[in-house]
Amino acid sequence: MPPKSTSVTPLSVFLSLRSFLLQTLTAHPAVTTSVAHINVALLRVGIPEKSLLTNEEFVLTSTAGVVTLVGYYLLFGGRHGRRRRRLAEELLEAQRQVHLLEEKLLLAKRQDILASTPTRPSSKQQPRQIRIFMDGAFDVMHYGHMNAFRLGRSLGTYLIVGVNSDASITRCKGPPLMKDSERLTMVEGCKFVDEVVPDCPYIMTAEYLEYIFNTYEVDYVVHGDDPCIVDGKDVYAAAKKRGRYRSIPRTEGVSTTDIVGRMLLMTKDHHFLRRSRGNSVGSAVSVSGMLDGGPEEEDCRRGEDDDSDNEILNEESGYYGRTPLGHQSKFLTTTNLLRLFSAGVKPPEEGMKVVYVDGAWDMFHCGHVEFLKEASKRGDYLIVGIHGDAAVNKRRGGNLPLMNLHERVLSVLGCKYMNDVLIDAPLEITPDMIASLKISEVVHGTESDSSCIENPADRYRYPKEMGILRQIPSPSHFKLMDIIHRIQKKQEEFQKKIERKKKAEREWFENKYQPAINGSHANGVQN
């Protein structure tokens with residue numbers, strides 16, 4: 001009679017494999033060494049010998065731990081990651097909706113103002129013109145100030161901006177970084193501003209307020225919804241008492257404090273790591289194209305093998321599909337905001353002379369404004385090219401640009417001397433680009449924000465060959481490094497000032513949104 005065959009089952013295979021692996025791992029020298037070290041440590045703390053760890057126990061415990069972690073990751077890790085991404089997307093969408101609702105609320109408020117404000121008979125004004133007055137120091141002016149001007153003007157039809165004098169700022173909060181003339185140039189260059197009043201006092205007294213109302217026929221004084229307190233007094237108390245005060249939403253996510261902090265800390269947290277290729281005409285985006293469907297000849301080229309300070313250079317810069325490198329800017333640059341900043345931007349008409357200038361336009365300053373004013377006189381339509389973050393960082397290094405691409409785009413869009421911007425402009429100006437944008441002249445200035453001199457032969461080779469390259473004298477010697485040097489001279493003072501202002505901003509933000517978080521709607525978002 002033949003012997004009875006032993007059937008092979010999955011369980012028997014598993015047990016055999018387990019036994020084999022256990023014997024192999026238990027006898028492994030690394031396991032033996034690890035167990036010996038562990039047991040020595042156990043003996044030193046008084047563990048009896050009969051309770052010491054064996055090779056088999058070590059292998060079983062380690063294997064169980066690894067299997068548990070792998071199993072948890074496979075079963076729950078992906079789910080948690082998806083949930084986090086979904087929550088982040090929902091939060092971003094909620095913030096966008098808040099911005100849209102604020103814009104709608106401002107529009108409704110503007111209609112109320114237009115309906116309730118009587119027309120004064122005056123030869124200086126058109127019927128029903130609503131004149132808005134805003135004031136401030138506007139020290140180290142940025143796109144947040146420009147957005148405030150846009151919001152303020154949206155409540156009326158004519159915006160007058162008072163710029164505080166150096167003396168009044170110094171008395172109330174210490175000397176400003178920028179001089180009177182530099183701050184005036186920035187405000188005058190903003191396209192949302194119709195008229196500028198220099199030497200405005202920092203504290204709005206009843207007497208000065210009366211002067212503003214009578215001299216400039218102002219209907220309302222406007223300021224952000226964050227409190228403006230000096231020496232325990234509300235700067236706008238007199239305007240509020242007269243019922244001639246209106247507030248606008250504060251531009252969240254950007255402040256002079258934040259920007260100065262970037263210069264002091266020298267980090268790249270404000271940069272984005274882009275996903276699309278940048279140095280081609282196809283990837284660059286003009287604002288007029290989006291709506292329809294320099295002193296910046298900076299940057300000496302760094303060595304090809306120089307990778308220092310270039311963590312963001314693993315991929316070429318691009319405008320869409322961005323992921324953050326570190327903590328990105330908290331300011332939400334939505335398509336809607338770009339459209340609002342781009343109001344009035346139209347493509348050039350047939351026969352217009354199109355002038356092109358490109359650069360980084362980092363920390364958009366008075367030198368940039370004065371240069372663009374001169375460049376705009378060269379033709380009928382000025383296109384300003386803005387280089388991507390990676391391209392600027394590769395050429396300048398360090399934590400430059402201080403403002404990321406989105407922030408620089410909004411800054412240039414707010415300038416009254418430009419007609420359109422080319423987002424993530426290619427470094428090399430090619431014949432295809434010249435033909436596509438119908439460029440008649442390419443200009444560059446004699447001053448640069450870079451600390452070294454660049455030979456523009458490579459970037460401007462084709463415009464030069466075509467005979468359309470022009471160098472024009474830069475009207476201002478002001479540079480980005482002037483701002484940085486002024487800040488670094490007073491680094492300790494600014495560090496303390498930043499800490500105080502950040503604390504105040506954090507408290508304001510929490511007070512603004514905490515009632516909504518607690519379910520109370522009585523003290524919701526002010527507008």
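Hydrogens, waters and symmetry mates play no part in the numbers below; they use all other heavy atoms, side chains included.
In plain terms, the two heavy atoms of R183 and M178 that are nearest each other are NE-O, 3.2 Å. Between L402 and M363 the shortest heavy-atom distance is CD1-CG, 3.7 Å. Considering all non-hydrogen atoms of both residues, G385 and W361 come closest at O-NE1, 2.8 Å. Of all heavy-atom pairs between N393 and N399, the closest is ND2-C, 4.5 Å. Between A425 and H387, the shortest heavy-atom distance links the atoms O-CD2, 3.4 Å. Between A137 and I169, the shortest heavy-atom distance links the atoms CB-CD1, 3.5 Å.
The side-chain hydrogen bond (donor to acceptor under 3.5 Å, both in side chains) search around R242 returns E210, not counting sequence neighbours. Remark: T205 engages E207, Y208 in a side chain to side chain contact (heavy atoms under 4.5 Å, CB included) (not counting sequence neighbours). With sequence neighbours excluded, no residue satisfies side-chain hydrogen bond (donor to acceptor under 3.5 Å, both in side chains) with K416. With sequence neighbours left out, F192 forms a ring pair (Phe, Tyr, Trp, His ring centres under 6.0 Å) with F341. Here D199 pairs with nothing under the side-chain hydrogen bond (donor to acceptor under 3.5 Å, both in side chains) rule; sequence neighbours left out. Every residue meeting the salt bridge (Lys or Arg N to Asp or Glu O under 4.0 Å) condition with K377, not counting sequence neighbours, appears here in chain and number order: E374. Judged as a ring pair (Phe, Tyr, Trp, His ring centres under 6.0 Å), and not counting sequence neighbours, the contacts of F364 are H368. In this structure E370 satisfies the side-chain hydrogen bond (donor to acceptor under 3.5 Å, both in side chains) test with no other residue, sequence neighbours excluded. Applying the ring pair (Phe, Tyr, Trp, His ring centres under 6.0 Å) rule to F133 yields no partners; only residues at least two apart in sequence or on another chain are considered. Residues passing the ring pair (Phe, Tyr, Trp, His ring centres under 6.0 Å) test with Y245, sequence neighbours excluded: Y236.
Residue K353 qualifies as enclosed at atom NZ: its count of foreign heavy atoms under 6.0 Å is above 12. Enclosure of atom NZ in K240 by more than 12 non-hydrogen atoms of other residues, nucleotides or ligands within 6.0 angstrom is indicated.
Going from atom CG of L480 over to atom CZ of R396 covers 6.5 Å, rounded to the nearest 0.5 Å.
Residues E182 and K479 are not paired through a salt bridge, judged by the lack of any N-O separation under 4.0 Å between the basic side chain and the carboxylate.
The residue from I132, L151, L159 that alone fulfils the side chain to side chain contact (heavy atoms under 4.5 Å, CB included) condition with V222 is I132.
With hydrogens and angles left out, the side-chain atoms of Y356 and E441 include no donor and acceptor closer than 3.5 Å.
Identified under the side chain to side chain donor-acceptor pair (under 3.5 Å) test for residues 184-194, with sequence neighbours left out: R153-D194. Every pair passing ring pair (Phe, Tyr, Trp, His ring centres under 6.0 Å) that includes a residue from residues 147-172 is listed here, sequence neighbours excluded: F138-F149.
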